[in-house]
Amino acid sequence: MAHSVSAHLHVKIADYDGFIRTVIPGYDTMRAVQLDLLGRSLPPDGRVLDLGGGTGALAAAVAERFPTVHIEIWDTDPAMLTVARERCAVFGTRVSLVARSFVEPLPACDAVVACIALHHVKDLTMKGGIYKNILAALRPGGLFANADTAMSTVPFVRDAAFQAWGNFMGTQGIADEPARQYFAEWAKEDYYPPLATELRLLAAAGFAEPECFWRHAPFTVFGGVR
Ligand SMILES: C[S@@+](CC[C@H](N)C(=O)[O-])C[C@H]1O[C@@H](n2cnc3c(N)ncnc32)[C@H](O)[C@@H]1O
């Protein structure tokens with residue numbers, strides 16, 4: 001499953017970190033939620049997988065906050081991994097990069113995180129398989145915390161969420177029409193299942209207590225503990 005972020009988002013990879021904050025409300029808030037959860041669950045020598053880790057921003061934040069843990073970034077876009085490699089070089093062998101799809105079986109770990117990456121999986125059977133792989137990789141007590149978009153299928157709830165999203169983009173200088181164009185463009189590759197669907201998939205994968213850790217619709221941090 002090859003993926004080019006530059007083609008998908010129409011952005012130069014060097015501009016990605018700035019761009020993403022203009023189109024994703026709560027990008028930094030979701031990261032803070034994930035870091036807080038990791039702080040409550042990770043052992044000092046923990047091992048964290050960052051699925052679709054992109055330019056390495058989340059991995060770097062984890063490495064900075066928890067100076068003795070190891071983080072593995074999985075991503076399929078070589079251009080994103082190049083930026084991640086440069087950014088994370090400062091952490092030496094504590095951050096490693098794996099050019100592999102997150103649909104593959106995952107190595108044993110203490111936590112799995114992802115940020116606006118798993119919405120690239122449109123097939124729910126495949127997504128359920130990823131959740132099963134995540135559960136299988138986690139040690140007992142290990143955390144899965146996914147920061148992503150979860151969109152209701154109820155029309156007026158969905159409209160409200162898209163409107164709130166568009167309003168945020170307006171505050172970043174992106175007018176209504178370009179915002180609508182972004183949504184239409186991203187929909188070609190992305191799928192934002194309702195939160196209830198995500199929680200059901202997690203339960204079906206074997207998570208005993210799927211959880212929504214934080215939500216400002218449509219942006220959500222959800223997952224579970226093994
Ligand atoms: C929107 S970016 C998010 C990057 C980063 N997690 C962040 O928060 O900024 C989505 C990332 O998922 C990666 N990706 C998409 N499909 C993937 C797959 N099947 N396996 C691994 N990574 C994938 C893309 O290459 C991209 O880097």
Side-chain angles (χ1 to χ4, degrees), residues 1-35 37-38 48-65 71-88 95-107 109 111-134 137 144-151 165 169 182-183 185-193 214 218-223:
M1 195 191 280
H3 185 259
S4 165
V5 173
S6 181
H8 178 51
L9 296 180
H10 302 290
V11 64
K12 284 193 240 133
I13 297 303
D15 298 335
Y16 172 86
D17 287 328
F19 170 78
I20 206 70
R21 287 178 168 78
T22 67
V23 294
I24 303 295
Y27 183 76
D28 289 312
T29 305
M30 292 194 292
R31 177 146 308 149
V33 171
Q34 288 173 303
L35 291 173
L37 290 165
L38 289 173
V48 180
L49 304 185
D50 178 7
L51 304 185
T55 59
L58 173 55
V62 174
E64 259 162 36
R65 175 76 68 89
I71 305 107
E72 202 168 283
I73 299 172
W74 281 45
D75 205 288
T76 45
D77 185 334
M80 295 292 265
L81 285 172
T82 298
V83 176
R85 187 171 295 109
E86 283 163 16
R87 165 182 269 148
C88 295
V95 178
S96 50
L97 287 81
V98 178
R100 200 176 304 155
S101 171
F102 46 51
V103 305
E104 304 291 333
L106 302 167
C109 61
V112 177
V113 291
C115 179
I116 55 170
L118 297 180
H119 64 225
H120 290 294
V121 181
K122 288 189 136 181
D123 180 323
L124 289 183
T125 305
M126 184 179 277
K127 197 164 210 180
I130 293 170
Y131 290 165
K132 274 189 192 146
N133 288 344
I134 290 171
F144 171 47
N146 182 26
D148 214 334
T149 319
M151 230 0 132
W165 191 353
M169 287 162 78
Y182 275 132
F183 294 149
E185 185 65 24
W186 297 339
K188 292 178 193 163
E189 264 193 42
D190 301 345
Y191 174 45
Y192 316 129
W214 176 92
F219 292 92
T220 312
V221 182
F222 63 92

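Counting starts at 1 for both ligands and their atoms, following the listed order.
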Determine whether a donor-acceptor pair (N or O, by modelled atom type, separation under 3.5 Å) exists between the side chain of [X] and the backbone of [Y].
| X | Y | answer |
| --- | --- | --- |
| Asn133 | Leu106 | no |
| Asp75 | Leu81 | no |
| Arg87 | Thr55 | yes |

N/O of [X] under 3.5 Å from N/O of ligand 1, yes or no?
| X | answer |
| --- | --- |
| Cys115 | yes |
| Asp75 | yes |
| Ser101 | yes |

Which of the numbered atoms in ligand 1 are below 4.0 angstrom from a heavy atom of [X]?
| X | value |
| --- | --- |
| Tyr16 | 1 (C), 2 (S), 3 (C), 4 (C), 5 (C), 7 (C), 9 (O) |
| Gly54 | 4 (C), 27 (O) |
| Asp77 | 25 (O) |
| His120 | 10 (C), 12 (O), 15 (C) |
| Met80 | 27 (O) |
| Arg31 | 8 (O) |

* Intermediate values then yes/no, side chain to side chain contact (heavy atoms under 4.5 Å, CB included), Tyr191 and Leu124 -> CA-CA 10 Å; Tyr191 174 45; Leu124 289 183; 3.9 Å; yes

* Where is the tightest heavy-atom contact between Tyr27 and Ala57, given as atom of each residue plus distance? -> OH-CB, 4.3 Å

* Can you name the closest pair of heavy atoms from Asp50 and Ala114 and give their distance? ->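 For Asp50 versus Ala114, the nearest heavy atoms are OD1-CA, 4.2 Å.
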
* Should one rank Phe102, Trp186, Tyr27, Phe19 by closest heavy-atom distance to atom 18 (C) of ligand 1, which comes out on top? ->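 Minimum heavy-atom distance to atom 18 (C) of ligand 1 goes to Phe102.
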
* Structure fact -> If you compare Ala114, Ala59, Ala117, Gly52 by their heavy atoms, the one closest to atom 6 (N) of ligand 1 turns out to be Gly52

Check if [X] has a non-hydrogen atom at a distance under 4.0 Å from any atom of ligand 1.
| X | result |
| --- | --- |
| Gly53 | yes |
| Ile20 | no |
| Leu58 | no |

* Tyr182 ring center near Trp165 ring center (under 6.0 Å) -> no

* Rounded to the nearest 0.5 Å, what's the gap from CD on Glu189 to NZ on Lys122? Could you check? =>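 Atom-to-atom, Glu189:CD and Lys122:NZ are 8.0 Å apart.
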
* Structure fact -> From the list Val48, Thr29, Leu58, side-chain contact (heavy atoms from CB on, under 4.5 Å) with Gln34 holds only for Leu58

